Structure formats: structure tokens, C-alpha cells
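Quick notes on the structure that follows.
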Amino acid sequence: MRGRMMQMPLLVSSLIEHAYRVHGDREVVSRTMDGSVHRSSWGEVRTRSKCLAGALQARGIVTADRLATLGWNTHRHLEIYLGTSSMGAVCHTVNPRLHPSQLVYILNHAADRVLFVDPPFLPLVEAVVDKLDSIETHVILCGADELPDTSLPGAISYEEVLAEHDGEYSWPVLDENAASALCYTSGTTGNPKGALYSHRSTVLHAYGILQPDVFGLGRSSVVLPIVPMFHASAWGMPYATAAAGSKLVFPGPRLDPEGLTEQLWDEAVTHCAGVPSVFIPLLQHWRTTGAERPPSLEMMVIGGSAPPRALIEAIEGEFDIVFRHAWGMTEMSPLGSSNVLTPEQRAEPAKQRSAYHTKQGRPPFGVELRIVGEDGDILPNDGVAFGELQVRGPWVVDGYFASDEHKLTPDGWFPTGDVATLDPTCNIHITDRTKDLIKSGGEWISSIDVENTAMGHPGITMAAVIGVEDEKWGERPILIAVAATDPPPSFDSVIEYLEGTLAKWQLPDEVIFVDALPMGATGKVQKTQLREKYGKS
Ligand code: AMP
């Protein structure tokens with residue numbers, strides 16, 4: 001027997017319509033590229049999203065077209081998120097920190113028709129525009145009178161596009177399983193792969209992260225997503241805050257401690273979220289300036305890579321702010337777990353609490369977890385056995401955009417590539433990664449990419465790259481190599497060579513020459529041995 005309940009699809013448009021109807025006056029504040037503060041509201045965001053959708057439709061954009069963004073966290077980026085998905089197109093956020101060759105690959109693979117670009121990223125696009133196959137229009141995120149000189153074909157300012165439509169536009173009623181947004185992850189080997197979110201997964205994920213034991217957001221919350229909107233939809237906060245009616249504060253390009261501190265004070269922020277490498281200098285700034293911590297700040301949500309214990313201890317002990325550890329991945333929209341201590345653990349001093357907080361926490365309703373051994377056996381949740389963490393749930397991918405790769409296990413679980421223990425309450429402790437990627441400042445560095453490039457240097461025959469613990473960035477790469485020449489090439493010559501292909505932050509901090517690399521039975525470099533020898537800073 002079917003239940004007698006209405007069939008209302010879960011759509012991104014329902015989030016923005018709700019925010020408008022119920023929380024239309026709640027503010028959306030954004031720092032702009034010139035440093036000034038822009039103030040609008042959920043009501044205004046909805047009107048402008050409709051202008052954008054209407055204008056794009058008139059320009060020939062249709063359902064399922066991919067529209068790319070290269071932008072900081074701003075009100076305009078929010079309007080693009082909501083307007084493009086709600087009209088049935090796919091909002092494709094692109095990470096401007098990628099190497100230009102990856103940028104080209106991703107934009108061509110997605111076959112994006114429009115590229116929205118924040119002015120600081122124009123040189124990045126201008127340098128590769130000849131290689132882009134599908135972009136018809138470049139929309140520069142600025143006012144009509146601010147349009148910079150650019151060689152990009154079809155360049156037009158965002159405000160001019162908005163002015164093309166009066167906002168009298170009705171959102172289409174879409175299938176809730178239709179694609180809404182696309183985000184490529186380079187967290188695996190080979191070419192980047194696109195996680196293609198649906199309207200349904202996005203709305204369910206928004207419900208998920210609003211829960212008290214996750215981000216715990218409501219109408220009175222003031223939320224500062226420091227995590228970029230090109231990193232797994234800023235962890236879903238643009239959607240969740242629309243549902244909750246929170247005030248939303250965007251940092252624009254200012255992720256420096258001074259800029260963030262100013263916004264935390266000026267906007268009375270209650271919740272902020274980002275990767276550990278943002279918070280370490282922020283706390284240091286408060287210490288060195290002797291500044292009081294912003295009095296409104298209730299919670300810092302930190303994830304993306306393992307936060308150091310000293311950071312956790314300082315947040316709770318020194319600054320008396322609730323620390324919330326979150327784990328997830330692009331393929332999980334991204335939330336997988338959050339760590340809320342038991343009342344008994346909370347009663348202990350900050351130093352002791354920080355040890356509990358280093359765990360990644362428990363899954364919210366909507367995510368199921370298991371760990372699996374090398375032979376495929378499901379391992380016990382005893383806090384001791386460790387294996388690959390596998391997940392499933394309505395906001396976890398079941399494959400990648402335009403890819404035949406079968407990623408799921410035969411019984412339908414997504415293998416995360418993280419190695420973890422689970423305790424009897426499903427509390428995760430990530431101990432390692434199955435892959436050898438390095439995560440520096442919240443960005444992945446593929447060791448294979450760096451090695452392959454290094455091995456093109458005429459003075460290098462073999463190379464292995466491993467991550468070394470780094471207080472500021474989490475990890476930094478170092479290169480261990482066998483020289484082809486005597487004497488071996490200098491550090492400068494290796495770096496100069498790598499600079500041809502790799503972004504600056506992907507370059508190794510150190511180059512160590514050895515007589516031979518440790519090799520395993522199947523002819524693979526034994527990185528575990530290298531990590532044991534060189535992996536600690
Ligand atoms: P991404 O898809 O770029 O968000 O990267 C996801 C990966 O980042 C995960 O599979 C983990 O390896 C790592 N990660 C994310 N959050 C945490 C965390 N809290 N602790 C340790 N590793 C994390």
C-alpha cells in the first residue's frame with residue numbers, strides 16, 4: 001500500500017524559495033574583490049538568481065548544460081549556485097588552484113558552455129583560452145563599469161547579464177534525481193573525476209549538516225564558510241543556510257588572518273568552517289596581536305585533513321570555542337562524519353578532550369560506514385582492527401560524470417581510499433590513506449604527478465614523492481631521487497624543471513638523493529619505508 005503523502009521533488013529551487021518566503025530579510029554579506037563589503041539578503045539573492053536564470057535561458061542555455069565557475073566565496077557565486085541549478089543547468093565549480101593543464105582538462109571534459117570568472121582569475125583563463133573547446137561566453141563577476149580589459153571572447157560583466165532579465169521567471173519542476181552541480185576531485189590517481197550531485201542528494205545533505213551534532217545551524221546562526229565554494233560546495237553550507245535561514249557571510253578573496261578576524265567581529269559570526277591550515281595562522285594572529293577572540297564565535301568546524309592536536313587544544317582550551325571535527329570527501333557531498341564528545345569526555349580538561357577530538361567522529365543519519373580488510377572481509381567495529389573505510393548513503397556518488405569507471409564494490413559501497421578503525425559506536429579514526437597522495441593546505445598533491453615530472457629531468461632516473469608532516473600546511477611533499485649524473489643536479493635545477501608543469505604549491509620542499517629506492521616484490525617503490533625514514537619533519 002502506498003502512503004498518502006504528496007510527491008514534492010527535493011529541488012535546489014525549493015531551498016531558495018523557502019529562504020525567500022520565510023527568511024527573506026536575513027542578510028547575505030560578502031567581501032568583494034576590491035575589499036568593500038556588499039550587503040544583500042536571501043530575498044535579494046532569490047530575485048537575482050531568477051534574473052540570472054532568465055537571462056541564461058534567453059541566451060540559449062538549456063537543461064543539463066554545464067556552466068563553470070572560477071570564483072571566490074561571494075554573493076554572486078551564491079546566486080550562480082542557486083540560479084543555474086534551479087533552472088535545470090549544472091553548476092560546475094572549478095578549483096582555480098589547479099595547474100593550467102588540469103584546468104583545461106576539466107573544462108573540456110565537462111564541456112562547459114559558460115565560464116563565470118572572478119577578475120583575479122582572468123590571467124589564468126587568458127593563458128589557456130585557446131585550448132578550451134566548449135566555452136561560448138565568459139561572464140566576469142563584476143559590474144558593467146568594472147569590466148577589465150580582457151582577451152577572452154564573448155566577455156561580458158555579470159551585472160550586464162543580470163540586467164538582461166527582469167526576474168519574472170518561474171523555476172521549472174525538475175526530476176529530483178536530475179544533476180544539479182559538478183565538482184571534480186583530483187584525490188585519486190589519473191585524470192580528475194567529476195562528482196555529479198543531484199537535487200535530491202543536495203537537499204538531503206543540507207538536512208544532514210543542519211543537525212545539532214553536525215553543524216547545528218538555525219535562523220540565529222551567522223555562518224562564515226572559509227572553505228572555498230570550489231571545494232565540495234563549501235561543504236554544503238550555501239544550501240543548508242538557505243534551508244535554515246542563517247545569515248551568511250562570505251570572505252571573498254580575503255582568507256588571511258586579519259581579513260577573517262575583521263569579518264568575525266564585524267558580522268558577529270557564530271560558526272566558521274575550513275581546513276586546519278587556515279585556522280593555525282588565525283589563532284597565531286590572535287596571540288601575537290593580543291586580540292580578544294571574537295565574542296560571538298561559538299563553533300569552528302574543521303575538516304578536509306587531520307587537524308593537529310595542538311590546534312584543537314588551543315581552540316577549546318585557550319580560546320574557549322567549540323571545536324567540531326568533520327570528515328568527508330568530494331564524493332560524499334562532502335559530509336561523512338562529525339565528532340561530538342560524550343558528556344563524560346566534555347567534562348575533562350581541554351588537553352585530554354583534544355585526544356578524543358582527533359578522531360573523525362560518527363556518521364550522521366544518512367551515512368553508513370564499514371571497514372574492509374585487504375581480503376575483502378568486513379572487519380569488526382572494535383576500535384582496533386583497521387581497514388579501508390567504505391560508505392553508502394543518498395548523498396554518496398555511485399560513479400563519476402561521463403566515466404565508465406565502476407567505483408562501487410559489488411554490494412554497492414563506495415571505497416573511500418582512507419584507512420580507519422571504527423569503534424562500537426561507529427566513531428572513525430583515520431590512520432592512513434590507501435593511496436599516496438599528499439594533502440597540503442587543503443589541496444591534493446598527486447605524488448605520482450610530481451614523480452613522473454621529476455623523472456623527466458635529465459639528471460634523475462628514479463623518483464618518489466612522500467608527504468612530510470608540516471605544522472602549517474598539514475603535509476608538504478619531498479622528493480627522494482636517484483641521480484643520473486655525478487654530481488647530482490642541484491635543488492634549484494630540479495625545481496626550475498618542475499615549475500614548467502606544476503603549480504608552485506605542488507613543488508617539493510626538499511630533494512634528497514639516494515643510491516637506490518627501496519623496491520617491493522611487484523616492482524613498486526616501498527613508500528612506507530621512505531615515510532618511516534623521512535616522513536617526520
Ligand atoms: P576531498 O575530496 O578533497 O575533500 O578529500 C577527501 C579526503 O580528505 C578524505 O578521503 C581524507 O583522506 C581527507 N580528509 C578529509 N577530512 C579529513 C579529516 N577530518 N581527517 C583526516 N583526513 C581527512
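Read the numbers this way: they start at 1 and go in the same order the structure lists the ligands and their atoms. Quick caveat, the model's predicted, so the values are computed rather than measured. The chain is numbered in sequence order, starting from 1.
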Min heavy-atom dist G328 to ligand 1 below 4.0 Å: yes
L264 side, atom CG; L282 side, atom CG - distance, nearest 0.5 Å: 6.5 Å
Ligand-side contact atoms (ligand 1) for residue partner Q360, heavy atom cut-off under 4.0 Å: 18 (C), 19 (N), 20 (N), 21 (C)
Location of contacts on A326 toward ligand 1, heavy atoms closer than 4.0 Å: backbone
Proximity of H231 to ligand 1 by residue part, where a heavy atom lies under 4.0 Å: neither
Heavy-atom gap S305 to ligand 1 smaller than 4.0 Å: yes
Under 3.5 Å donor-acceptor, R66 side chain and A64 backbone: yes
Minimum heavy-atom distance F250-N73, with the two atoms named: CB-O, 3.1 Å
Plane angle bin for Y184 and H92 - parallel if under 30°, tilted between 30 and 60°, otherwise perpendicular: tilted
Ligand 1-proximal atoms of D418, by part, heavy-atom distance under 4.0 Å: side chain
H325 N/O to ligand 1 N/O under 3.5 Å: yes
contact_flag E443 ligand 1 heavy-atom lt 4.0 Å: no
Contacting atoms of ligand 1, where contact means under 4.0 angstrom from a heavy atom of T330: 1 (P), 2 (O), 3 (O), 4 (O)
Contact with ligand 1 for G304, non-hydrogen, under 4.0 angstrom: yes
Plane angle bin for F414 and Y400 - parallel if under 30°, tilted between 30 and 60°, otherwise perpendicular: perpendicular
Verdict with reasoning, W395 to Y197, per ring pair (Phe, Tyr, Trp, His ring centres under 6.0 Å): CA-CA 8 Å; W395 60 75; Y197 309 122; over 10 Å; no
Qualifying residue for side chain to side chain donor-acceptor pair (under 3.5 Å) with R353, from Q345, E313, E348, E316: E316
Check: V396 and E331 side chains under 4.5 Å, non-hydrogen atoms: no
Part of M329 with heavy atoms under 4.0 Å of ligand 1, whether side chain, backbone, both or neither: both
